[in-house]
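Below: one structure, written as structure tokens.
In what follows, chains are A, B, ... by sequence order, proteins preceding strands, each numbered from 1.
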Amino acid sequence: MRVATFNVNGINSRLGALLQWLDETRPDVACLQELKAPQEKFPEMAIRAAGYHPIWHGQKSWNGVAILARDAEPQGVQRGLPGDDADEQSRYLEAAVNGILVVCLYLPNGNPAPGPKFERLHARAQQLIDTGAPVVMAGDYNVMPTERDVYKPERWLDDALFRPETRAAFAKLVGQGWTDALRATHPDEVIYTFWDYFRDAYGRNAGLRIDHLLLSPALAPHLKAAGVDRDVRGREKPSDHAPTWVDLDWPA
DNA sequence: ATGACTGATGGAATCAGA
């Protein structure tokens, strides 16, 4: 079973690229971020025609997240990160697919630093760990966990994505018992998931690893492989992120 | 230190992204 995450940076302007990638790689679950579309502008028919059952949490102008499930209906849908009734941003979705709880999240950028805190995500993530269920938390975390995950670490030291407190918050999250699937399967490799549109960042491989798939203790033993569909970033009219995925030994 | 590039909004110029 393959679970992927892809910050599409506008689902309607990216629809062709998204459908091509879905057709080529056929992930069983795809978590999407930055839909940049209100609820009623989600291209539901095109997604269904591609063989996927979508749930989504839209928002005008920015944000917006979706979970697409191939040949399966997502169950028990939860919209929004619990713990703050005043939070109206569409950045968090939960649903069960094939017996796995899938979390699709899009964490705030945080700039200008120091930016938002992680408390609410820590609390929810701990609750999910405590259930003992197989969980994958996939999405755009806007955090480079270590120096290996930035093309020029010294230039990012004072940026919210890489400041020590941000990295510490991510490390604390992982320390609850989550497995960073990309890093677990490629301990020493330089892997990026994002390249800025500016100054030919992709051509220079000036990238960041900020899209992550975290596996709960019940799911981590089923991890078989993980990777980045890097070539998608090099196509016409690309998102600035590339799709990132895990393959699980789990019946689809 | 700054700006470069892209999408959404709204119908030009500005904001947000990371």
Side-chain angles (χ1 to χ4, degrees), chain A residues 5-21 31-44 46 56-66 81 87-92 104-118 121 138-170 173 182 190-213 228 230 232-244:
Chain A
T5 180
F6 186 14
N7 180 323
V8 293
N9 189 13
I11 190 165
N12 286 301
S13 63
R14 206 71 58 216
L15 188 56
L18 172 64
L19 294 174
Q20 181 184 351
W21 168 71
C31 299
L32 309 180
Q33 302 87 32
E34 273 205 82
L35 302 181
K36 290 186 171 181
Q39 195 71 4
E40 65 275 15
K41 293 281 183 63
F42 182 89
E44 179 180 2
W56 66 98
H57 194 195
Q59 188 171 340
K60 186 179 177 182
S61 302
W62 304 288
N63 303 325
V65 287
L81 180 61
D87 178 9
E88 296 182 342
Q89 299 198 47
S90 300
R91 292 175 169 268
Y92 187 94
C104 174
L105 52 83
Y106 173 40
L107 297 193
N109 174 294
N111 279 309
K117 303 290 188 282
F118 270 68
L121 180 60
D140 177 358
Y141 287 72
N142 273 314
V143 179
M144 297 86 91
T146 71
E147 292 194 347
R148 196 191 300 280
D149 304 311
V150 202
Y151 67 101
K152 278 194 179 177
E154 67 277 11
R155 287 204 182 171
W156 289 82
L157 287 173
D158 200 35
D159 191 284
L161 278 65
F162 195 57
R163 282 167 65 104
E165 57 267 45
T166 311
R167 279 182 273 165
F170 185 82
L173 175 68
L182 262 289
V190 172
I191 303 175
Y192 300 139
T193 66
F194 166 91
W195 297 261
D196 212 304
Y197 288 124
F198 303 151
R199 303 201 300 194
D200 190 31
Y202 182 70
R204 295 183 295 117
N205 197 28
L208 311 173
R209 188 172 75 95
I210 55 177
D211 299 274
H212 309 296
L213 296 115
V228 178
R230 199 178 183 287
V232 173
R233 176 63 180 83
R235 297 177 182 175
E236 290 295 311
K237 277 183 64 77
S239 168
D240 38 8
H241 296 250
T244 306

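If you find the closest nucleotide of DNA chain B to K60(A) and to R155(A), the one lying nearer the 5' end belongs to R155(A). Of the two residues near DNA chain B, P108(A) and K237(A), the one whose nearest nucleotide lies more 5' is K237(A).
As rounded to the nearest Å, dT6(B) and dG10(B) have P atoms that lie 23 Å from one another. Comparing the same atom, C1', in dA1(B) and in dT14(B) gives a spacing of 22 Å after rounding to whole Å. Between dT2(B) and dA13(B), the two P atoms lie 24 Å apart (nearest whole Å). Annotation: dG7(B) and dA12(B) have their C1' atoms spaced 16 Å apart (nearest Å).
Of the candidates F194(A), Y106(A), Y202(A), W21(A), H241(A) forms a ring-ring contact (aromatic ring centres under 6.0 Å, His included) with just one, namely F194(A).
We find that CG of N9(A) is positioned 7 Å from P of dG7(B), with the value rounded to whole Å. One can place NZ of K41(A) at 10 Å from P of dA8(B), the figure rounded to the nearest angstrom. Summarising the geometry, the separation between CZ on F198(A) and P on dA1(B) is reported as 18 Å, rounded to the nearest angstrom. Per the geometry, CH2 belonging to W156(A) stands 14 Å off P belonging to dG17(B), to the nearest Å. As rounded to whole Å, 14 Å separates atom P of dT2(B) from atom CG of D159(A). One atom, CE of M144(A), and another, C1' of dG17(B), lie 14 Å apart when rounded to the nearest Å. As a whole-Å value, the separation of L161(A) CG from dG17(B) P is 11 Å. The interatomic distance linking E34(A) (CD) with dT9(B) (P) rounds to 13 Å, in whole Å.
Residue R199(A) has no polar side-chain atom (N or O) positioned under 4.0 Å from OP1 or OP2 of dG3(B).
Side-chain atoms of N9(A) and Y197(A) form a donor-acceptor pair, as typed in the model, at a separation below 3.5 Å. Side-chain N/O atoms of Q33(A) and D140(A) include no donor and acceptor closer than 3.5 Å.
Looking only at side-chain heavy atoms (C-beta outward), L161(A) and T166(A) stay at 4.5 Å or farther from each other. Contact check for L32(A) versus C104(A): no side-chain heavy atoms found under the 4.5 Å cut-off.
Residue-level contact check: Y106(A) touches the backbone only, with heavy atoms under 4.0 Å from sugar-phosphate atoms and none from bases. D211(A) comes within contact range of no nucleotide atom at all, as no heavy-atom separation falls under 4.0 Å. If you check every strand for non-hydrogen atoms under 4.0 Å, D158(A) touches nothing. Counting any heavy atom pair closer than 4.0 Å across all strands shown, N142(A) reaches sugar-phosphate atoms only and no base atom.
With hydrogens and angles disregarded, no donor-acceptor distance shorter than 3.5 Å links the side chain of Q59(A) to the backbone of V65(A).
To the nearest 0.5 Å, atoms OH (Y141(A)) and CG (L121(A)) are separated by 6.5 Å.
The side chain of Y197(A) approaches dT6(B) more closely than any other nucleotide in the set dG7(B), dA4(B), dT6(B). For S61(A), the listed nucleotide lying nearest its side chain is dA8(B); candidates were dA8(B), dA4(B), dG7(B).
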Are there any protein N/O atoms within less than 3.5 Å of an N/O atom in nucleotides 14-16 of chain B, and if so, which ones and at what distance?
none

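In E40(A), the CD atom is crowded: over 12 heavy atoms of neighbouring residues, nucleotides or ligands sit closer than 6.0 Å.
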